[in-house]
Amino acid sequence: MATEPSISPFIELQSVDSTNNYARQLIHDKMAQHGTAIFSHEQIAGKGQRGKKWLTENKGNIAVSIIVKPGPIPLSAQFQLSACAAISAQTFFANYAGDDTSVKWPNDLYWQDRKAGGILIESIIRSKEPESNNRETGGSSWEWAIVGLGININQTSFPADIPNPVSLKQITGKTFEPVELAKELVQLFLKNFDELNSTGFESTYSAYTNALYKKGKVVKLRKENRVFEATIQTVTPGGRLVVEHGISEELEFGTVEWIIG
């Protein structure tokens with residue numbers, strides 16, 4: 001039976017450029033432990049997917065990075081960790097915001113048609129030297145993963161270039177304590193990660209596909225210069241989005257853009 005994980009050590013910072021950068025430095029300095037979480041009240045140069053910025057209003061939101069040892073998850077199956085992080089954020093947020101909470105492929109946190117949070121996972125990969133008498137023992141080793149989670153909690157005013165943000169306060173009308181919520185989120189993620197390693201991907205994958213944003217609905221997508229409508233079907237165990245538009249098509253992350261609104 002899986003043991004209940006601890007969120008310790010939990011490092012609380014007042015301000016930082018990026019919690020993911022801080023986590024990476026801990027790994028570089030050989031000070032990292034599996035489960036170490038870095039929370040900051042303010043993040044002034046946070047990173048989002050595909051080079052985008054993720055800024056955090058001072059004392060308003062969750063900006064936390066969790067350092068994990070990937071364990072038995074192979075480097076070729078990184079989507080399993082991404083799905084685990086996404087469903088952890090979705091479950092956490094839904095506990096406060098309700099059933100309108102979903103995961104927009106690949107790992108954005110959505111409430112109705114508005115973005116409540118995002119996830120950025122960075123991997124530390126080492127090249128393995130082959131043994132002198134066995135050329136096949138080389139390759140790459142997935143040493144560490146940094147799971148960065150940014151979730152809007154108390155912020156009610158957002159920059160104009162963010163098209164569809166929403167926070168927990170806007171949804172519920174309540175003010176929350178971001179540090180305590182971050183600890184709750186970290187504990188939930190570590191529990192789910194432990195179960196993923198112990199029992200395999202099936203349960204995580206089922207939860208992810210069940211929480212998929214716009215599943216079974218027609219959406220508008222852009223691929224290169226082509227804009228088209230398609231029905232969201234599912235996501236493959238390898239992380240490709242499956243859509244139907246006369247034919248079934250599997251889309252790789254980074255090759256397609258959602259058009260919302």
Tell me which donor-acceptor pairs under 3.5 Å the side chains of residues 90-99 have, and how far apart each pair is, sequence neighbours excluded?
| residue | atom | partner | partner atom | Å |
| --- | --- | --- | --- | --- |
| Gln90 | NE2 | Thr101 | O | 3.1 |
| Thr91 | OG1 | Ile87 | O | 2.8 |
| Asn95 | ND2 | Thr91 | O | 3.3 |
| Tyr96 | OH | Glu184 | OE1 | 2.6 |
| Tyr96 | OH | Glu184 | OE2 | 3.4 |

Report summary line: Apart from Ile259 itself, members of its ILVMFWY cluster (side-chain separation under 4.5 Å) are Val227
Query raised in the report: How long is the span from the CD1 atom in Ile119 to the CG atom in Leu149, to the nearest 0.5 Å?
Result: 5.0 Å
Requested in this report: To the nearest 0.5 Å, tell me how far Ser65 OG sits from Ile38 CD1.
Outcome: 6.0 Å
Report task. Keeping the roles fixed (side chain from Ser88, backbone from Cys84), state whether a donor-acceptor pair exists under 3.5 Å. Result -> yes
Query - Phe253 with Tyr205, same ILVMFWY side-chain cluster at under 4.5 Å - result: yes
Query - Separation between CG of Leu13 and NE2 of His41, rounded to the nearest 0.5 Å - result: 8.5 Å
Query raised in the report: Transitively linked via ILVMFWY side-chain contacts under 4.5 Å: Val242 with Phe228?
Result: no
Query raised in the report: Between the side chains of Ser123 and Trp144, does any donor sit under 3.5 Å from an acceptor?
Result: no
Query raised in the report: What distance do Lys214 atom NZ and Asp113 atom CG have between them, rounded to the nearest 0.5 Å?
Result: 4.0 Å
Query raised in the report: Hey, is the main chain of Leu190 close enough, under 3.5 Å, to the side chain of Asp194 for a donor-acceptor pair?
Result: no
**Report entry** Residue pair Ala182 / Ile62: nearest heavy atoms and the distance that separates them
**Finding:** N-CD1, 3.8 Å
Query raised in the report: Cluster question for you: counting only ILVMFWY and a side-chain heavy-atom cut-off of under 4.5 Å, with indirect links fine, are Leu196 and Leu75 together?
Result: yes
Requested in this report: Mind running side chain to side chain contact (heavy atoms under 4.5 Å, CB included) on Leu188 and Val186 for me, showing each step along the way?
Outcome: CA-CA 5 Å; Leu188 176 60; Val186 171; over 6 Å; no
Query raised in the report: Would you say the side-chain atoms of Thr175 and Asn154 include a donor-acceptor pair closer than 3.5 Å?
Result: no
Report task. Keeping the roles fixed (side chain from His34, backbone from Val68), state whether a donor-acceptor pair exists under 3.5 Å. Result -> no
Query raised in the report: Can the ring centroids of Phe39 and Tyr22 be said to lie less than 6.0 angstrom from one another?
Result: no
Query raised in the report: Is a donor on one side and an acceptor on the other found under 3.5 Å between the side chain of Gln155 and the backbone of Ser157?
Result: yes
Query raised in the report: Are any side-chain N or O atoms of Thr255 and backbone N or O atoms of Leu251, one a donor and one an acceptor, separated by less than 3.5 Å?
Result: no
Query - Test ring pair (Phe, Tyr, Trp, His ring centres under 6.0 Å) applied to Phe158 - qualifying residues, sequence neighbours left out - result: none
Query raised in the report: Does one side chain, of Asp108 or Tyr213, offer a donor that lies under 3.5 Å from an acceptor on the other?
Result: no
Query raised in the report: Any ion pair linking Lys183 and Glu177 (charged N to carboxylate O, less than 4.0 Å)?
Result: no
Query raised in the report: When you check the side-chain N and O atoms of Gln25 and Asn21, is any donor under 3.5 Å from an acceptor?
Result: no
Requested in this report: Taking Asn164 for its side chain and Ile260 for its backbone only, find out whether a donor-acceptor pair lies under 3.5 Å.
Outcome: no
**Report entry** Donor-acceptor contact below 3.5 Å, side chain Thr36 vs main chain Ile67
**Finding:** no
Report task. Kindly say whether Asn152 contributes a backbone atom to a donor-acceptor pair with the side chain of Ser167 at under 3.5 angstrom? Result -> no
Query raised in the report: With hydrophobic residues grouped by side-chain heavy-atom distances under 4.5 Å, do Phe201 and Ile73 end up in a single group?
Result: yes
Report task. Considering non-hydrogen atoms only, spot the tightest contact between Lys169 and Lys174 and give its length. Result -> CG-O, 3.1 Å
Query raised in the report: So, do Thr234 and Leu241 sit near enough that their side-chain heavy atoms are less than 4.5 Å apart?
Result: no
Query raised in the report: Is there a path of hydrophobic side-chain contacts, each under 4.5 Å between heavy atoms of I, L, V, M, F, W or Y residues, that connects Tyr110 with Val218?
Result: no
Requested in this report: With side chain to side chain contact (heavy atoms under 4.5 Å, CB included) as the test, would you mind laying out the steps for Leu212 and Ile232 before giving the verdict?
Outcome: CA-CA 9 Å; Leu212 188 62; Ile232 301 297; 3.8 Å; yes
**Report entry** Glu42 (side chain) donor-acceptor with Gln14 (main chain) under 3.5 angstrom
**Finding:** no
Query - Side-chain (Ser40) to main-chain (Gln43) donor-acceptor, under 3.5 angstrom - result: no
Query raised in the report: What is the distance from atom NZ of Lys215 to atom CH2 of Trp105, rounded to the nearest 0.5 Å?
Result: 15.5 Å
**Report entry** Spacing of CG belonging to Asp100 relative to CD belonging to Gln112, to within rounding of 0.5 Å
**Finding:** 4.5 Å
